[in-house]
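Below is one structure; the comments refer to it alone.
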Amino acid sequence: MPEGNEIHRWAERHRSAFVGKKMHVESPNGRTEDTERLDGRVLEKVLAHGKHLGYVFGKDRILHVHLGRYGDWTEGQMPLAEVKGVLRLRMWRAGARARVDQAEATTRHGWYSSDDGSSTVAPENVDWLELRGASDCSVWTDAQWEQLIERLGPDPLGSTGEPAGDVPDDPGPAFERIAKTKKPICVLLMEQDVIAGIGNIYRAELLYRERLNPMTPGNEVPVASLKRIWKDSIPLMKAGMVDRRIITTRPKDRPTKKAGLPLKEEAHYVYRRHGKPCFVCGTKVLKTDIAGRTLYWCPVCQQGPHADREVGVAVQ
DNA sequence: GCCTTATGCTCAC
DNA sequence: TGAGCCTAAGGCT
């Protein structure tokens, strides 16, 4: 269930584990076609933009992975775990598998660590990957990847295979698109061709941190406000790459006032906090369904310049 | 065990 | 705008 932070995190880990190495690729459940075109080749690059991953095995041999809402990677050290359930793709370093025959099979997920879901295995020691639940996993041509990048908006975490990414200070095209439409800003932030990589958690939290009414039409959001949201998203999403937690609250706003890793229930201002008091003003956080997704917001802190605007039908 | 929900997206109407 | 797809976890009985 990833947003851009997690995608870039996987890209970084898989880069350091596998780039330059000869890989074996197979699809145990047959759902991924053409894996034989990748099997036995060297992984040249791992690309990431927004919520898309690209594993480059040569010209026109890019394994495109989109995790969708449920997809997830499992990674670990040899030996490989037994195949269970619907495993869509498996990749492992050539040479590493020889050890499988000599070692006892470990149980799946035996490598999982603490509740933050991060791996205890350092990336350089990762031998294999398994993919399940992805909404897309298929072999793409270079042209297909280029078309994707063309369609996507700027990514706060940078683009393509550069670890540090090329993050623009001012993502002009994204601001222009927002300024041209009456669509509410909360919908625009989720559109991947406006800004790539923001999902439901970051959109709710970024809007709260800017104290912006989620229903403000794009063309009425001050440019200064857009700039602050963009600038805010960069460190926030980078921090989300460290482990698989998204933390958006400032220590001073948390009930415990504790710095460092917050309690689970203090990690977000509004996301999934409907019915609970806003940390800042004490008003009950609301939720509503908009464009098929759940939006969370504080009706007092986020009145912004549009206090009179209805935000859907509030539930609790 | 069953039901609901979930960090996403595409397609048909 | 709604259905459909994919999987796992948590809350309920």
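Here is how names work: the chains are called A, B, and so on, in the same order as the sequence lines, proteins then strands, and each is numbered from 1.
With sequence neighbours excluded, the residues forming a ring-ring contact (aromatic ring centres under 6.0 Å, His included) with A/His64 are A/His52, A/Trp140, listed by chain and number. With sequence neighbours left out, A/His14 forms a ring-ring contact (aromatic ring centres under 6.0 Å, His included) with A/Trp10, A/Tyr55, A/Trp73. The ring-ring contact (aromatic ring centres under 6.0 Å, His included) search around A/Tyr208 returns A/Tyr269, not counting sequence neighbours. Residues forming a side chain to side chain contact (heavy atoms under 4.5 Å, CB included) with A/Ala204 (at least two apart in sequence, or on another chain): A/Val270.
The same atom, P, is picked in B/dT4 and in C/dG4; the two are 16 Å apart, to the nearest Å. For the P atoms, the distance from B/dT10 to C/dA8 is 23 Å, rounded to whole Å. Comparing C/dA3 with B/dT5, their P atoms are spaced 15 Å from each other, to the whole Å.
As rounded to whole Å, 11 Å separates atom P of C/dA8 from atom CG of A/Leu131.
Residues A/Pro214 and A/Leu295 share a closest heavy-atom pair of CB-CD2, 3.6 Å.
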Checklist entry - Dot-bracket for DNA chain C: what is it, with Watson-Crick or G-U pairs under 3.5 Å, [ ] where a pair crosses earlier ones, and | for a pair to another strand? => result |||||.||||||.
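Using a 4.0 Å heavy-atom cutoff across all strands shown, A/Arg203 reaches no nucleic acid atom at all.
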Checklist entry - Nucleotide by nucleotide, 5' to 3', does protein get under 4.0 Å of the base (B), only the sugar-phosphate (S), or neither (-) in nucleotides 6-13 of chain B, counting heavy atoms? => result BBBSS---
Checklist entry - Can you list the steps and then say if A/Glu266 with A/Lys258 is a salt bridge (charged side-chain N to carboxylate O under 4.0 Å, His left out)? => result CA-CA 10 Å; A/Glu266 295 183 356; A/Lys258 270 191 196 154; over 6 Å; no
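Inter-residue side-chain proximity for A/Leu47 and A/His49 is flagged as unmet; no heavy-atom pair is nearer than 4.5 Å.
For the ring pair (Phe, Tyr, Trp, His ring centres under 6.0 Å) criterion with A/His24, the lone passing option out of A/Phe57, A/Phe18, A/Trp92, A/Trp128 is A/Trp92.
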